Amino acid sequence: ATLALAVCHGEAHVRVAWSVGPIPVGLAVGREVVLRYDTDLATDGRVLTDSNGRDLLERRRDWRPTWHLNVTDPVSGNYYPVTTLALIR
């Protein structure tokens, strides 16, 4: 796996580029590739993620907009698919 971070002069964001592979598929179990971010920023547990490059969706830690979330696994319950961008305001 490779990971590259770039902070451009005059811009208020960090660019992240990553790649992974090959992923071993010989075992009879599924595989998931995850990139996890940790920050000390005061985010109130909120992040915006893209929706296939069309719109941004607000994601809140341990919360769902249409149903009561019973948190049994606080890590995997807060993984979100990200196609092109994630944003913290």
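Small disclaimer: the values here were computed from a predicted structure and weren't measured. When reading the values below, keep in mind they use all heavy atoms of this one structure, side chains included, and skip hydrogens, waters and symmetry mates.
Among residues two or more places apart in sequence or in another chain, the side chain to side chain contact (heavy atoms under 4.5 Å, CB included) test is passed with Leu87 by Leu48, Leu56, Leu85, Arg89. By the salt bridge (charged side-chain N to carboxylate O under 4.0 Å, His left out) test, Arg15 is found to be paired with Glu11, residues two or more places apart in sequence or in another chain being considered.
Note on Val20 and Leu5: same hydrophobic cluster, where clusters join Ile, Leu, Val, Met, Phe, Trp and Tyr whose side-chain heavy atoms are under 4.5 Å apart, directly or indirectly. Hydrophobic clustering (ILVMFWY, side-chain heavy atoms < 4.5 Å, transitive): Tyr80 and Val33 are in distinct clusters. In the hydrophobic clustering of ILVMFWY residues, with side-chain heavy atoms under 4.5 Å counting as a link, Val82 and Tyr37 come out apart. Residues Val47 and Val14 do not share a hydrophobic cluster, defined by chaining ILVMFWY side chains whose heavy atoms lie under 4.5 Å apart. Grouping the Ile, Leu, Val, Met, Phe, Trp and Tyr side chains by contacts below 4.5 angstrom, directly or via other members, places Leu3 apart from Tyr79.
From Thr83, atom OG1 reaches atom CG of Asp50 across 4.5 Å, with rounding to the nearest 0.5 Å. Distance check: Leu41 CG to Asp38 CG gives 11.5 Å after rounding to the nearest 0.5 Å. A distance of 5.0 Å separates CZ of Arg64 from CG of Leu69, quoted to the nearest 0.5 Å.
Within a 6.0 Å sphere centred on CZ of Arg60, heavy atoms belonging to other residues, nucleotides or ligands number more than 12. Other residues, nucleotides and ligands place no more than 12 heavy atoms under 6.0 Å from the CZ atom of Arg36.
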